[in-house]
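Below: the structure, in structure tokens.
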Amino acid sequence: MPSFADVQTSNATYAPSYVPVAVFTGGTSGIGKAMAEAFARYTKGRAHIIIIGRNRAAGEAIIASFPKPTDTKDGWKHEFVSCDAALMSNIRSTCADLIDRLPRINYLVLAAGYASATSTEKTSEGLDRQLALRYYSRYVFISSLLPLLIKAHESGQDARVMSILGGGRASPVDLNDLGLEKARSKTFGFGAAKTAIQSPGYNDMMVVYFASKNPSIAFTHIFPGIVKTPALQTGLDFGWFFKPLTWILLAILGPFCVTAEFCAEHMLYALLDREKGVFFRNDTGDIVGSHVFDQSHLHIYDSDSDSPTYEKKGLIDGTPVAGYGGSDMGVRLLNLHTEEVIKT
């Protein structure tokens with residue numbers, strides 16, 4: 001485990017010869033905001049930084065605080081893009097705009113999220129709001145922006161994707177209830193809790209799928225730890241009747257919490273590490289498990305593939321991977337489910 005000082009020292013060495021393009025979803029608060037600020041600080045503002053979120057006032061205030069290079073012709077730019085990531089149609093529109101005007105994307109950081117122990121609220125598109133933000137939105141962002149990540153790699157530059165949720169925790173997924181409709185039909189809030197528990201497993205298998213299709217790009221699913229953010233209190237809100245329980249849990253977790261700024265240093269450290277493959281990392285940025293695909297694996301998770309489909313959990317292409325709770329069968333089934341859901 002690297003010390004915090006070592007992490008900062010490593011981050012400070014980041015000095016690409018080109019102007020990097022970095023996209024941060026959920027970049028107006030919490031970890032996403034802190035990561036965007038850290039990236040701006042270490043690049044001294046010499047980067048094209050795009051913050052995607054709902055709160056324009058907050059986004060523009062964050063951008064105004066970024067350091068500004070004196071060379072105005074260097075290609076650097078800082079901008080806010082408004083998008084409600086709970087709606088897949090909004091994400092598609094946002095990504096189509098980025099595809100039209102960006103030459104490439106070097107770093108795609110997915111931090112927009114929502115956690116609730118009780119709410120099974122649905123979006124206007126009919127998706128569970130929690131699962132939409134914690135999984136479906138991330139899938140759509142990656143699949144839509146992959147052409148720009150590929151262009152970065154083809155230019156000899158970094159091409160990396162990071163999903164911040166629960167990497168390295170070997171989270172389980174109920175393959176008989178993909179989308180968790182059965183779980184949400186239950187009472188007493190168990191459905192919402194199950195969504196919160198299983199969504200990291202969905203992210204595990206998501207990054208495995210995309211890494212198999214794009215072996216030259218690095219895909220990371222990382223656990224940020226217990227972080228003092230608005231999402232923490234939302235996730236522990238059991239309603240007004242159980243408000244004392246929320247206060248008790250927050251008091252218990254308090255000593256174990258870190259600030260978003262502290263967390264962001266470790267997240268950035270992990271983002272800037274390694275060139276290709278799939279990685280599951282803990283809150284200090286350490287690799288818990290990893291796997292590197294090659295060109296022969298491009299179609300192993302296709303529905304018509306004749307590759308062996310291992311049902312045992314914790315295996316990627318039949319190889320045990322620490323911190324991974326998915327399975328080859330799970331990746332294939334989840335991808336089929338997701339493609340069907342996001343089409344409609």
Side-chain angles (χ1 to χ4, degrees), residues 20-26 31-32 35 91 95 104-113 134-154 157-171 173 199-224 266-282 285-302 314-317 319 321-328 330-332 334-335 338-339:
V21 180
V23 176
F24 298 88
T25 74
I31 301 168
M35 279 194 74
I91 297 172
C95 291
R104 67 187 184 282
I105 289 177
N106 299 102
Y107 307 103
L108 174 59
V109 177
L110 304 164
R134 291 163 73 94
Y135 171 63
Y136 294 119
S137 67
R138 301 177 186 218
Y139 186 102
V140 176
F141 268 119
I142 296 173
S143 60
S144 300
L145 296 177
L146 262 173
L148 295 178
L149 288 155
I150 292 171
K151 285 183 180 180
H153 169 71
E154 291 175 343
Q157 301 176 4
D158 288 348
R160 300 171 189 178
V161 177
M162 171 176 283
S163 183
I164 303 173
L165 191 61
R169 315 285 286 182
S171 301
V173 170
S199 51
Y202 281 59
N203 278 251
D204 273 356
M205 293 192 285
M206 174 185 73
V207 293
V208 167
Y209 172 74
F210 283 116
S212 73
K213 289 288 189 182
N214 304 274
S216 299
I217 297 175
F219 292 85
T220 294
H221 180 205
I222 191 166
F223 174 59
H266 289 282
M267 301 297 101
L268 188 61
Y269 169 80
L271 179 68
L272 300 177
D273 184 41
R274 303 303 168 102
E275 296 181 352
K276 60 183 180 179
V278 60
F279 303 92
F280 308 101
R281 295 177 182 260
N282 62 19
D286 286 323
I287 297 173
V288 177
S290 65
H291 186 83
V292 177
F293 292 95
D294 57 41
Q295 294 295 327
S296 66
H297 294 84
L298 293 179
H299 303 290
I300 62 171
Y301 297 122
D302 291 353
L315 300 183
I316 297 180
D317 195 24
T319 303
V321 175
Y324 175 60
S327 66
D328 288 335
V331 174
R332 186 175 293 186
L334 180 60
N335 186 63
T338 306
E339 286 293 336

## Note on the structure
By salt bridge (Lys or Arg N to Asp or Glu O under 4.0 Å), Asp273 pairs with (sequence neighbours left out) Arg281

#### Entry: Residues Tyr135, Leu334; criterion side chain to side chain contact (heavy atoms under 4.5 Å, CB included); working and verdict
CA-CA 11 Å; Tyr135 171 63; Leu334 180 60; 3.5 Å; yes

### Query
Can you name the residues that form a side-chain contact (heavy atoms from CB on, under 4.5 Å) with Glu154, not counting sequence neighbours?
Ile150

### Side-chain touch Phe223/Val288, heavy atoms, less than 4.5 angstrom
no

### Message
If you take the centroid of each ring, where Trp contributes its six-membered ring, are Phe293 and His291 closer together than 6.0 Å?
### Response
yes

### Query
Looking at Arg134 and Pro200, what are the two nearest heavy atoms and their distance?
NH2-CD, 4.3 Å

### Query
Do other residues, nucleotides or ligands put more than 12 heavy atoms under 6.0 Å from Glu275 CD?
no

#### Entry: For His299 against Lys213, the heavy-atom pair lying closest together
ND1-NZ, 3.6 Å

### Query
Closest heavy-atom contact between Ala159 and Ile217?
O-CG2, 3.1 Å

### Message
Between Asp328 (side chain only) and Asp317 (backbone N and O only), is there a donor and an acceptor less than 3.5 Å apart?
### Response
yes

### Query
Got a second to check how far Tyr324's OH is from Met205's CE, nearest 0.5 Å?
6.0 Å

### Task
Before giving the answer on side chain to side chain contact (heavy atoms under 4.5 Å, CB included), spell out for Val321 and Phe280 the whole-Å C-alpha distance, their side-chain angles and the decisive distance to 0.1 Å.
CA-CA 9 Å; Val321 175; Phe280 308 101; 3.9 Å; yes

### Query
About how many Å separate CD1 of Ile316 and NE2 of His297, when rounded to the nearest 0.5 Å?
10.5 Å

### Query
What pairs with Ser144 under side-chain contact (heavy atoms from CB on, under 4.5 Å), at least two apart in sequence or on another chain?
Cys95, Val140

### Task
Classify the side-chain pair Tyr202/Thr338 by whether it contains a donor and acceptor separated by less than 3.5 Å.
no

### Query
Quick one: CZ on Arg160 to OG1 on Thr220, what's the gap to the nearest 0.5 Å?
8.5 Å

### Message
Does Arg332 form a side chain to side chain contact (heavy atoms under 4.5 Å, CB included) with Tyr209? I'd like the steps, not just the answer.
### Response
CA-CA 8 Å; Arg332 186 175 293 186; Tyr209 172 74; over 6 Å; no

### Distance (rounded to the nearest 0.5 Å) between Ser212 OG and Ile300 CD1
5.0 Å

### Query
Would you call Asp158 and Arg104 a salt bridge, using N to O less than 4.0 angstrom?
no

### Task
Measure across Ala211 and Phe219 and return the closest heavy-atom pair with its distance rounded to 0.1 Å.
CA-CD1, 3.6 Å

### Query
Can the ring centres of Phe24 and Tyr107 be said to be less than 6.0 Å apart?
no

### Query
What residue among Ile222, Ile164, Val109 forms side-chain contact (heavy atoms from CB on, under 4.5 Å) with Ile31?
Ile164

### Message
Using the rule given for side chain to side chain contact (heavy atoms under 4.5 Å, CB included), can you reason through Lys276 versus His153, listing the C-alpha separation, both sets of side-chain angles and the distance that settles it, and then say yes or no?
### Response
CA-CA 10 Å; Lys276 60 183 180 179; His153 169 71; over 6 Å; no

### Query
Under the side-chain contact (heavy atoms from CB on, under 4.5 Å) test, which residues partner Pro147, sequence neighbours left out?
Ile99

#### Entry: Heavy-atom closest pair, residues Ile105 and Val23
CD1-CG2, 3.8 Å

### Over all atoms of both residues, closest heavy-atom pair of Ser290 and Phe279
CB-CD2, 3.5 Å

### Message
My understanding is that only residues two or more places apart in sequence, or in another chain, count here; which of them pass salt bridge (Lys or Arg N to Asp or Glu O under 4.0 Å) with Lys151?
### Response
none

#### Entry: 4.5 Å side-chain heavy-atom contact, Ser327 and Val173
no

### For Thr25, side-chain contact (heavy atoms from CB on, under 4.5 Å) partners two or more places apart
Ile52, Leu110, Ala112, Phe141

### Query
Ignoring hydrogens and geometry, is there a side-chain-to-backbone donor-acceptor pair from Asp204 to Val207 under 3.5 Å?
no

### Task
Give a yes or no on whether the backbone of Gly168 and the side-chain of His221 come within a donor-acceptor separation of less than 3.5 Å.
no

